[in-house]
Amino acid sequence: MTCRPSTLDPRLSISALALMLCLALSASAAVPGYFLEIESYDIEAELVPDEDLLNVTATLEIVNHTFYPLEVMDLYFNGNAQIHSATINGGETPFENIGGRGDEIRRLVFSIEPPIPVGDTLTVRVDYSVAYFERGLGVSIEPGASHVLVEARWTPFLHDFRSDYGADYAPAHVVVTVPADETVVMPGNLLSQELTPEGARFEWESALTVLPTIVSGRYRTVEVDTDAGHAVGYLFENMSGAEETAMRALLERALEINAYYTELFGPLPDLPMRIVAVERRGGYGLPQCLLLHRGTFGFEGEISEGTFNFLAHEIAHSWFPGLLRPRERATGMATEAMATHCAALATEHLLGPEAGRAAWANCQQIYSRLESDVPLLDQTFQSHTYSISTYHKGAYWWRTLERRLGRDRMIGLLRTYAQEHALESVPFVDLFTWIDEQTPDEDLRPLYRWYLDTTELANVGIVGEPRIRARGDGAEVEVTIDTEGFEGLPVDVDLILADGSTVREGLAIGDGEQTLTWQVPSPPRRIVLDPDRWLLQSRYRDDRWPRELDGVGYLRVASAAWRRGDFEAGLEPIAQALARQPENPQFLLMAGQLLLGVGDAEGAANHLARALDLCPDEESSITRAWTLVALGRAERALGSRSDARAHWFQVMNTPSTRLAHAEARALMRALDEESAARAHSN
């Protein structure tokens with residue numbers, strides 16, 4: 001079932017909208033505390049490196065709150081679990097083990113005899129194994145890898161396991177045994193640690209309402225104390241002294257960011273900040289525990305603004321974690337968007353206004369690559385635009401809400417929510433409903449619909465010449481502005497006067513032309529729409545009064561032409577974009593794609609080769625992956641089959657997007673089929 005809010009009656013209340021979204025997301029799935037309630041959650045785990053396994057015994061105390069005796073119950077396991085045995089209330093229980101070892105989700109279906117009466121407690125114990133994700137120095141057990149999800153159901157109806165509302169959780173008590181030379185790290189309280197003949201034994205009490213990541217490896221610790229608090233870093237034992245210096249710099253910055261967020265969103269449990277080096281790509285933020293790829297520590301001197309922003313994003317997840325049903329869309333989209341917005345606030349506060357603007361400019365450039373009209377709820381992890389829609393579109397949504405409500409009011413709302421739902425995930429349907437209840441004076445429905453069901457920001461432009469008349473000691477300015485996009489988006493307008501002073505006015509996006517009149521001390525010599533440049537604009541009606549379209553705006557115009565197949569129309573705007581930022585790899589990539597479209601393979605190859613030189617040489621670079629795909633096409637058109645294959649093979653060995661991988665794989669397959677056909681004909 002797919003919900004498209006834009007098709008709803010505009011008079012529909014947000015509570016009805018939320019209800020429809022709940023139905024779309026969760027069907028009849030169990031609401032926490034309504035069907036089953038997990039009272040306690042105990043995990044005993046032993047890491048067996050030689051077998052690449054984590055052996056787990058999970059024991060759950062569950063209360064039946066259904067309206068019927070419990071006859072059937074499902075347990076869901078993430079992490080390719082291999083289930084060995086299961087009991088209910090101490091007795092062996094028949095179960096059906098659905099799903100193969102390689103499946104992403106495995107389901108264990110119990111038939112309970114005799115049924116568990118309403119209000120009674122059952123004890124479920126399951127022994128299983130999961131393959132851990134990283135071999136060698138460290139191991140990262142992600143949420144769900146040793147995580148049991150619980151649902152009740154009527155036979156034969158089965159709840160949708162992708163629901164945000166299918167289970168209830170209790171803080172976990174976790175005991176992990178690892179080889180004696182390893183350390184275990186996880187969010188929460190470390191209750192005890194000891195060496196045993198079997199290895200090192202660590203006992204934790206999770207700070208979360210869902211079992212979090214367990215990290216194990218051969219680590220050495222780095223500790224930092226500042227006025228902002230205490231922080232501990234964990235480096236692989238073979239990491240260098242320079243990387244230890246980088247870790248200390250990150251820990252100090254992390255404490256500053258943590259203190260700023262505490263001021264904004266309120267306190268969390270008094271635990272040290274932890275940063276752990278892992279082999280896992282990118283970063284993963286849990287409350288007061290960050291997992292960062294070891295490459296993060298490969299810098300000298302000051303932390304770059306990009307690394308600072310990345311750190312601030314992950315720390316924001318301490319207040320807004322996305323852990324209900326591991327990394328599910330309906331939760332992750334809200335929390336990732338909030339974390340991206342929070343990181344921009346932290347960058348502005350701690351690094352200064354210019355750095356804050358740069359953070360938004362980077363977000364703006366990434367957003368400009370959005371090449372899909374797929375609504376948010378229809379996006380999947382495999383979608384090429386998933387991360388752009390989730391992180392950057394979502395961040396703009398929070399930015400829009402900030403402009404609508406004012407920063408102080410919005411931060412106050414988030415603080416209240418974070419304190420009322422500390423260490424809980426944030427399903428955005430619940431969050432929207434809650435915000436709507438707190439803002440009865442505002443109609444935020446257009447913003448919700450824009451977030452859920454469209455992919456564009458607003459376009460604004462001045463129509464014709466402003467009309468300026470003398471009025472007493474000042475002037476009256478009448479301006480007609482054409483606007484498209486979601487209603488209610490606030491946009492600032494600066495009227496720059498002859499003496500250099502500025503009068504700032506505002507407008508709200510409507511549907512079509514608006515004529516606005518302002519009184520100013522003297523006639524303006526320039527009118528600037530969106531002076532802070534946080535809103536993407538791609539259409540201007542007049543060259544004199546609005547500011548000139550910037551490089552990103554020209555890229556959007558060129559991208560739109562490329563998507564509709566009008567390659568000739570895209571050449572001029574991309575040339576204008578490159579005139580402003582000739583070293584921008586995204587602009588060069590688009591130029592190469594357009595030139596390929598008009599049949600200029602040599603020109604395309606030149607632009608794409610330059611883009612490849614300018615792309616960050618990181619295995620996770622999405623721009624780099626798509627540049628390699630396009631460069632392979634250009635080389636193929638120029639007759640160099642071997643070079644084309646080499647570029648596509650490189651994509652296959654670059655963690656980027658599944659769509660880029662699929663494209664490269666399809667191109668290589670087509671090349672192989674063509675070679676086979678040629679050999680057959682010869």
Side-chain angles (χ1 to χ4, degrees), residues 38 40-61 75 77-85 124-149 169-221 232-237 269 271-272 274-280 284 286-292 321 323 326 423:
I38 300 178
S40 64
Y41 193 164
D42 291 303
I43 295 289
E44 291 189 16
E46 179 183 7
L47 181 63
V48 187
D50 292 341
E51 299 178 21
D52 287 348
L53 289 177
L54 188 78
N55 294 325
V56 182
T57 297
T59 304
L60 298 91
E61 296 285 337
L75 299 183
F77 296 78
N78 288 41
N80 301 333
Q82 181 64 43
I83 300 156
H84 305 302
S85 65
V124 179
R125 174 182 167 126
V126 183
D127 294 312
Y128 61 98
S129 301
V130 290
Y132 62 72
F133 287 78
E134 296 165 6
R135 188 73 182 92
L137 287 173
V139 48
S140 168
I141 310 300
E142 299 213 13
S146 53
H147 180 186
V148 184
L149 311 177
Y169 303 95
H173 177 258
V174 183
V175 175
V176 184
T177 301
V178 297
D181 57 354
E182 291 198 6
T183 299
V184 171
V185 186
M186 66 180 290
N189 294 304
L190 177 60
L191 303 179
S192 66
Q193 58 183 17
E194 58 181 306
L195 289 176
T196 70
E198 291 77 25
R201 180 183 183 277
F202 296 82
E203 182 180 8
W204 290 83
E205 183 178 62
S206 168
L208 305 175
T209 55
V210 59
L211 183 64
T213 291
I214 300 167
V215 179
S216 174
R218 298 185 180 93
Y219 288 107
R220 72 177 193 272
T221 60
V232 184
Y234 299 84
L235 291 167
F236 292 132
E237 61 182 10
L271 296 170
R274 298 184 180 92
I275 297 180
V276 190
V278 296
E279 298 291 352
R280 181 188 187 275
Y284 186 36
L286 293 155
Q288 294 166 291
C289 184
L290 312 183
L291 312 183
L292 306 182
L323 299 172
L423 305 179

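Quantities reported herein were computed from a predicted structural model and do not represent experimental measurements.
Checked against side chain to side chain donor-acceptor pair (under 3.5 Å), E61 has the following partners two or more places apart in sequence or in another chain: T123. Under the rule for a side chain to side chain contact (heavy atoms under 4.5 Å, CB included), the partners of L190 that lie at least two apart in sequence or sit in another chain are Q193, F202, W204. Scanning for salt bridge (Lys or Arg N to Asp or Glu O under 4.0 Å) contacts around R274 gives an empty result, with sequence neighbours left out. Applying the side chain to side chain contact (heavy atoms under 4.5 Å, CB included) criterion to S85, with sequence neighbours excluded, gives D127. Residues forming a side chain to side chain donor-acceptor pair (under 3.5 Å) with D181 (at least two apart in sequence, or on another chain): R218. By the side chain to side chain contact (heavy atoms under 4.5 Å, CB included) test, R220 is found to be paired with L235, M239, E244, residues two or more places apart in sequence or in another chain being considered.
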I'd like to know whether E44 forms a side-chain hydrogen bond (donor to acceptor under 3.5 Å, both in side chains) with T57, so could you lay out the CA-CA distance, the side-chain angles of the two residues, the decisive distance to 0.1 Å, and finally the verdict. CA-CA 5 Å; E44 291 189 16; T57 297; 5.7 Å; no
Take M186 and V174, measure what side-chain contact (heavy atoms from CB on, under 4.5 Å) needs, and give me the verdict at the end. CA-CA 10 Å; M186 66 180 290; V174 183; 4.0 Å; yes
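Although no hydrogens or angles enter the test, the distance criterion places no donor-acceptor pair under 3.5 Å between the side chain of E203 and the main chain of V175.
Screening V215, V185, L290, L292 for a side-chain contact (heavy atoms from CB on, under 4.5 Å) involving V278 leaves a single residue, V215.
Scanning all heavy atoms of the two residues, the minimum distance from C289 to P187 falls at CB-CG, 3.7 Å. Nearest heavy atoms, S216 versus E182: OG-OE1, 2.6 Å.
With rounding to the nearest 0.5 angstrom, the OG atom of S129 is 4.0 Å from the CG atom of N55. Separation of atoms CG (L54) and CD1 (I43) is listed at 9.5 Å; rounding is to 0.5 Å.
The aromatic rings of Y219 and Y234 sit perpendicular, their planes meeting at an angle over 60°, well past the 30° parallel limit.
Residues L191 and H173 form a side-chain contact, since some pair of their non-hydrogen atoms from C-beta on lies under 4.5 Å apart.
Dense packing is recorded around CZ of R201, with more than 12 heavy atoms of other residues, nucleotides or ligands lying under 6.0 Å away.
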